[in-house]
Amino acid sequence: MSAVPNAEPHDDILRLRVIADDLKTLRALLRETHSDVGGRPHHEADGRIGVDVYTTADRIPDLEREGVTVTRTGNASEAGRAAQAEVGDGDRFAPADAVPRGLAAKISG
């Protein structure tokens with residue numbers, strides 16, 4: 001059974017915290033899975049080494065193995081959609097009665 005619940009849509013990119021017992025184990029894991037990492041690995045308080053990994057839910061089982069802890073820390077796709085929802089449509093600096101200018105040809109329609 002996976003340590004990380006698979007309740008997200010299969011195409012969402014999840015942010016995971018992957019912590020290995022040692023650097024050799026982490027390097028082998030990342031080399032074998034070709035995972036996308038966010039930043040550099042750093043040492044945990046208990047001496048293990050961890051890194052943030054971005055992947056889809058269906059690839060989580062590939063990361064889980066002896067000597068490795070996988071913890072879901074967020075949904076990067078969901079955070080991106082929330083940020084995009086904050087962005088309005090149109091040009092907020094253009095006056096309402098602005099007429100386009102420039103060298104482009106005006107296309108009717």
Side-chain angles (χ1 to χ4, degrees):
M1 185 168 123
S2 176
V4 181
N6 188 357
E8 300 298 326
H10 66 86
D11 57 346
D12 271 8
I13 303 297
L14 304 177
R15 181 178 181 185
L16 308 172
R17 184 79 184 138
V18 176
I19 302 172
D21 288 342
D22 54 49
L23 185 58
K24 183 179 177 182
T25 303
L26 183 63
R27 281 184 179 159
L29 173 74
L30 296 176
R31 191 176 301 115
E32 291 170 19
T33 61
H34 302 285
S35 298
D36 291 326
V37 297
R40 297 175 148 204
H42 69 276
H43 292 278
E44 301 292 321
D46 61 2
R48 298 185 306 155
I49 188 159
V51 68
D52 289 334
V53 172
Y54 293 87
T55 191
T56 54
D58 62 328
R59 299 224 22 225
I60 292 172
D62 298 339
L63 298 169
E64 295 173 326
R65 58 185 67 185
E66 188 175 332
V68 176
T69 303
V70 179
T71 307
R72 180 183 155 191
T73 58
N75 183 326
S77 296
E78 188 176 278
R81 286 190 293 269
Q84 289 173 347
E86 295 175 3
V87 178
D89 294 335
D91 182 356
R92 64 183 173 157
F93 298 108
D97 60 348
V99 177
R101 293 181 296 199
L103 300 174
K106 183 175 180 180
I107 299 173
S108 62

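These numbers were taken from a predicted model, which means no experiment stands behind them.
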Checklist outcome for this item: Rounding to 0.5 Å, atoms CZ (Arg15) and OG1 (Thr73) come to a distance of 4.5 Å

Checklist outcome for this item: Tightest non-hydrogen contact, residues Ser35 and Val53, listed as CB-CG1, 3.7 Å

Next on the checklist: So Asn75 and Arg72, do their side chains get closer than 4.5 Å, heavy atoms only?
Outcome noted: yes

Checklist entry - Same hydrophobic cluster for Leu29 and Ile19, using side-chain heavy-atom links shorter than 4.5 Å among ILVMFWY? => result no

Checklist entry - Between Tyr54 and Val37, what is the shortest heavy-atom contact and its length? => result CD1-C, 4.4 Å

Checklist entry - Under 4.5 Å between any side-chain heavy atoms of Asp22 and Ile49, yes or no? => result no

Next on the checklist: For the CZ atom of Arg48 and the OG1 atom of Thr25, what is their distance to the nearest 0.5 Å?
Outcome noted: 11.0 Å

Next on the checklist: Taking CZ in Arg27 as the centre, count heavy atoms belonging to other residues, nucleotides or ligands within less than 6.0 Å. Is the count above 12?
Outcome noted: no

Checklist entry - Can you tell me how far the CG atom of Leu16 sits from the CG atom of Asp52, to the nearest 0.5 Å? => result 8.5 Å

Checklist entry - Thr56 and Asp11: side-chain contact (heavy atoms from CB on, under 4.5 Å), yes or no, with the steps? => result CA-CA 6 Å; Thr56 54; Asp11 57 346; 5.7 Å; no

Checklist entry - Is the number of heavy atoms from other residues, nucleotides or ligands within 6.0 Å of NE2 (His43) greater than 12? => result no

Next on the checklist: To the nearest 0.5 Å, what is the distance between CG on Asp36 and CG on Leu30?
Outcome noted: 10.0 Å

Next on the checklist: Please determine whether side-chain contact (heavy atoms from CB on, under 4.5 Å) holds for the pair Val68 and Leu63, giving the CA-CA distance in whole Å, both sets of side-chain angles, and the decisive distance to 0.1 Å.
Outcome noted: CA-CA 8 Å; Val68 176; Leu63 298 169; 5.7 Å; no

Item to check | Sidechain N-carboxylate O distance under 4.0 Å for Glu32, Arg65 | outcome: yes

Item to check | Gap between atom OG1 of Thr55 and atom CG of Asp12 - 0.5 Å precision | outcome: 12.0 Å

Next on the checklist: Could you check whether Arg81 pairs with Glu86 (Lys NZ or Arg NE/NH1/NH2 to Asp/Glu carboxylate O, under 4.0 Å)?
Outcome noted: no

Checklist entry - Got a second to check how far Thr33's OG1 is from Ile60's CD1, nearest 0.5 Å? => result 12.0 Å

